[in-house]
Amino acid sequence: MSITLELARTAPADVAATAVGAVKGQFEGGGLDWAHLAGLGFEGKKGDVRAVPGPDGGTTFVVGLGPAEELDADVLRSAAGSVVRAAKRFASLSVDLLGALPATHDGRGAAQAIAEGLVLGGYQFSAYKSDPKRSKLERIVIVGGGGKRVSTAIDRGRVIAEAACWARDLANEPGGSLTPAKLAKQAVAEGARAGFEVTVWDEKEIRKQKLGGLLGVNRGSEQPARFLHLEYAPAKASGTVALVGKGITFDSGGLSLKPADGMIGMKGDMGGAAAVLGAFSAIATLGAKVRVLGFLPITDNMTGGDATRVGDVLTARNGKTIEVLNTDAEGRLILADGLSLASEAAPDAIVDLATLTGACMVALGERIAGLMGNDQGWIDQVHAAADAAGEKVWPLPLPSYLRGKLDSELADMKNITNTRYGGALAAGVFLQEFVGEGIPWAHLDIAGPADSSEVEGELVKGGTGFGVRTLVSLLTAYTTPRP
Ligand code: BES
Ligand code: ZN
Ligand code: ZN
């Protein structure tokens with residue numbers, strides 16, 4: 001059941017609780033002032049939430065917005081996320097955050113961000129809880145002016161956040177339950193509901209289509225692989241963008257088995273595929289002027305008796321041969337087929353998303369995705385879209401010297417280098433070999449931000465749906481890349 005979000009000029013009298021934002025040192029309103037709040041030990045730091053009795057016996061939640069000069073849509077999204085959890089015992093809530101923003105800011109962008117924060121921050125994955133302690137919130141009133149334009153922005157935020165919550169559900173579902181076949185079924189159902197095409201290749205078709213990377217990774221599994229083709233085609237398209245997502249429903253490492261601790265969380269190794277699915281769900285609902293194709297290789301990475309051996313050679317869809325020297329570097333093997341197929345469709349640009357390397361987390365931490373690619377103009381567009389959507393990405397290079405480190409004695413290339421340094425870059429350099437000549441391509445290594453170890457703002461523990469907001473922002477603002 002989803003909550004309703006509405007816009008009103010002032011907080012209605014019939015809501016059970018109210019929430020207001022407090023900029024550090026500046027708050028005044030609702031019968032409260034800064035001196036009073038400070039007396040309660042409230043510092044107005046970002047994410048601080050205090051419940052104070054309102055004048056009429058109701059409850060007012062005061063949420064810290066930090067210093068005025070740092071206030072932007074991202075701060076409001078995060079504050080909305082914190083508020084919605086604090087107020088979960090009430091059935092209805094008014095949220096007065098838009099008023100905190102100086103009139104010079106984009107009110108629509110802020111309203112969208114608040115709506116996103118309210119939906120994302122209240123997300124709970126309770127499928128396996130006997131007593132889920134669900135939020136009671138059913139109705140949230142966002143206080144602000146701007147009428148139709150602002151309420152459209154709120155609807156947009158809700159649609160995008162709900163799509164990200166679906167991506168979270170997929171990532172949070174255990175690997176033994178969300179098999180490749182079940183993931184494909186969910187995609188087909190959502191395509192029919194939201195309005196995008198989904199074509200599923202089963203094992204036989206995958207073999208016929210010579211997806212050697214996907215077959216090689218799937219070889220140790222009892223569960224047959226799937227390959228999903230997605231298409232969103234508006235009447236007058238201004239171009240075609242292809243999205244590719246890593247869909248490993250569980251990564252044990254294969255015969256290059258992960259240590260026990262390293263395997264925890266590997267049910268989320270399909271976060272790239274989930275982000276692509278979420279983005280399709282959102283744009284099919286919201287509309288976009290660009291045609292969008294999706295290419296999703298889906299399998300788990302297991303250790304069955306006939307699993308790919310270390311030293312085996314696979315032939316990817318584009319004909320290149322790969323010596324597998326570490327079966328845990330499996331994402332790049334299935335993406336090799338995904339990127340090859342995407343390139344065959346001759347799109348104007350490609351973006352791939354993958355929980356690809358632990359090395360990317362060493363470089364950029366848990367909240368920032370690595371951004372690589374072969375075309376600066378396209379990389380800049382993806383970077384700008386992520387910034388606008390409030391998802392953090394940072395550029396990493398694809399140095400040509402690393403290509404030599406992927407040379408194999410036996411095959412065209414091997415799937416690892418002989419050093420642990422620069423692992424995120426080496427993976428990117430490997431992927432580049434499967435991108436068609438002249439096609440602008442950007443690669444997002446989302447190993448860190450696809451999962452959250454903390455509850456903060458719009459984030460809760462587990463899958464984050466990272467990438468959905470960036471992709472929707474990118475596709476709705478799309479222009480043909482010019483290098
Ligand atoms: N799925 C992992 C990467 C990962 C690690 C994602 C931690 C999220 C959190 C990937 O398949 C992997 O195992 N990569 C190896 C590559 C190495 C063998 C070259 C890694 O990062 O160690
Ligand atoms: Zn792996
Ligand atoms: Zn993996």
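When reading the values below, keep in mind they use all heavy atoms of this one structure, side chains included, and skip hydrogens, waters and symmetry mates.
- Using modelled atom types, one side-chain atom of Trp378 and one backbone atom of Ile350 make a donor-acceptor pair closer than 3.5 Å.
- Note that CG of Leu341 is 11.5 Å distant from CG of Leu335, once rounded to the nearest 0.5 Å.
- Considering every non-hydrogen atom in both Ala288 and Thr476, the closest pair reads CB-CG2, 4.4 Å.
- Closest of all the heavy-atom pairs between Leu398 and Gly373 is CD1-O, 3.4 Å.
- Listed by first and then second residue, the side-chain hydrogen bond (donor to acceptor under 3.5 Å, both in side chains) pairs that reach into residues 271-293 are Glu190-Ser281, Glu231-Arg291, Thr240-Arg291, sequence neighbours excluded.
- A side-chain donor-acceptor contact under 3.5 Å links Ser151 to the backbone of Lys148.
- Checked against Thr470 for a side-chain hydrogen bond (donor to acceptor under 3.5 Å, both in side chains), the options His383, Lys392, Glu391 give a single hit: Glu391.
- Ionic pairing of Glu344 and Arg317 is present here: one or more N-O contacts between side-chain nitrogen and carboxylate oxygen are shorter than 4.0 angstrom.
- In terms of heavy-atom proximity, Val290 sits nearest to Gly239 at CG2-O, 3.2 Å.
- Residues passing the side chain to side chain contact (heavy atoms under 4.5 Å, CB included) test with Thr4 are Glu6, Arg139, sequence neighbours excluded.
- Taking each heavy atom of Ala194 and Ala284 in turn, the nearest pair found is O-CB, 3.5 Å.
- In this structure, Ser343 contributes its side chain and Leu339 its backbone to a donor-acceptor pair below 3.5 Å.
- Among residues at least two apart or in separate chains, salt bridge (Lys or Arg N to Asp or Glu O under 4.0 Å) pairs with a member in residues 268-287 are Lys246-Asp269.
- Considering Leu93, Thr18, Ile140, Val62 as possible partners of Val83, the one that fulfils the side-chain contact (heavy atoms from CB on, under 4.5 Å) test is Leu93.
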task = With salt bridge (charged side-chain N to carboxylate O under 4.0 Å, His left out) as the test, would you mind laying out the steps for Glu70 and Lys46 before giving the verdict?
result = CA-CA 10 Å; Glu70 289 172 24; Lys46 288 176 198 167; 2.7 Å; yes
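- Residues that satisfy the ring-ring contact (aromatic ring centres under 6.0 Å, His included) test with Trp201, not counting sequence neighbours, are Phe227, His229.
- The salt bridge (Lys or Arg N to Asp or Glu O under 4.0 Å) contacts involving residues 101-113 comprise nothing, where partners must be two or more places apart or lie in separate chains.
- Applying the ring-ring contact (aromatic ring centres under 6.0 Å, His included) rule to Phe196 yields the partners Phe280; only residues at least two apart in sequence or on another chain are considered.
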Verdict with supporting geometry, Val143 and Val95, side-chain contact (heavy atoms from CB on, under 4.5 Å) = CA-CA 6 Å; Val143 178; Val95 174; over 6 Å; no
Identify all side-chain donor-acceptor contacts of residues 356-363 below 3.5 Å with residues at least two apart in sequence or on another chain.
residue : atom : partner : partner atom : Å
Thr357  : OG1  : Cys360  : N            : 3.1
Thr357  : OG1  : Asp445  : OD2          : 2.7

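- Within the 3.5 Å criterion, the main-chain N or O of Gly175 finds no donor-acceptor partner in the side chain of Thr179.
- Listed here is the closest heavy atom pair of Leu98 and Gly144: CD1-CA, 4.3 Å.
- A donor-acceptor pair is defined here as one N or O able to donate and one able to accept, closer than 3.5 Å; such a pair exists between the side chain of Asp337 and the backbone of Gly213.
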request  = Assess whether salt bridge (charged side-chain N to carboxylate O under 4.0 Å, His left out) is satisfied between Arg469 and Glu116, documenting all intermediate values.
outcome  = CA-CA 9 Å; Arg469 297 196 326 253; Glu116 288 170 359; 3.7 Å; yes
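- Counting heavy atoms of neighbouring residues, nucleotides and ligands inside a 6.0 Å radius, atom CD of Gln124 exceeds 12 of them.
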Report, one line per pair, each donor and acceptor closer than 3.5 Å where one atom sits in a side chain of residues 457-468; sequence neighbours left out.
residue : atom : partner : partner atom : Å
Thr464  : OG1  : Pro449  : O            : 2.6
Thr464  : OG1  : Ala450  : O            : 3.1
Thr464  : OG1  : Phe466  : N            : 3.1

inquiry  = Please determine whether salt bridge (charged side-chain N to carboxylate O under 4.0 Å, His left out) holds for the pair Arg367 and Glu454, giving the CA-CA distance in whole Å, both sets of side-chain angles, and the decisive distance to 0.1 Å.
reply    = CA-CA 11 Å; Arg367 295 213 186 168; Glu454 283 144 338; 2.9 Å; yes
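- Every residue two or more places apart in sequence or in another chain was checked for a ring-ring contact (aromatic ring centres under 6.0 Å, His included) with Tyr232, and none qualifies.
- Pairing each heavy atom of Ser340 with each of Ala336, the nearest pair is OG-O, 2.6 Å.
- At a threshold of 4.5 Å between non-hydrogen side-chain atoms, the residues Asp451 and Thr355 do not count as touching.
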query = Under the side-chain contact (heavy atoms from CB on, under 4.5 Å) criterion, do Ser92 and Leu137 qualify, and how do the steps go?
reply = CA-CA 6 Å; Ser92 58; Leu137 277 171; 5.6 Å; no
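- A salt bridge links Arg77 to Asp74: at least one charged side-chain nitrogen sits closer than 4.0 Å to a carboxylate oxygen.
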request  = Under the side-chain contact (heavy atoms from CB on, under 4.5 Å) rule, what do Leu475 and Leu243 come out as? Steps first, then yes or no, please.
outcome  = CA-CA 10 Å; Leu475 296 167; Leu243 307 178; 4.2 Å; yes
query = Please walk me through it: do Val20 and Val63 pass side-chain contact (heavy atoms from CB on, under 4.5 Å)?
reply = CA-CA 6 Å; Val20 293; Val63 56; over 6 Å; no
Please tabulate, for the side chains in residues 423-441, all donor-acceptor contacts under 3.5 angstrom to protein atoms that are two or more places apart in sequence or on a different chain.
residue : atom : partner : partner atom : Å
Glu433  : OE1  : Lys320  : NZ           : 2.8
Glu433  : OE2  : Arg403  : NE           : 2.9
Trp441  : NE1  : Asp352  : OD2          : 2.8

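- The ring-ring contact (aromatic ring centres under 6.0 Å, His included) contacts involving residues 331-376 comprise nothing, where partners must be two or more places apart or lie in separate chains.
- Atoms CG and CG, from Leu277 and Leu228 in turn, are 6.5 Å apart once rounded to the nearest 0.5 Å.
- Each ring-ring contact (aromatic ring centres under 6.0 Å, His included) pair with one or both residues in residues 96-150, not counting sequence neighbours, would appear here, but there are none.
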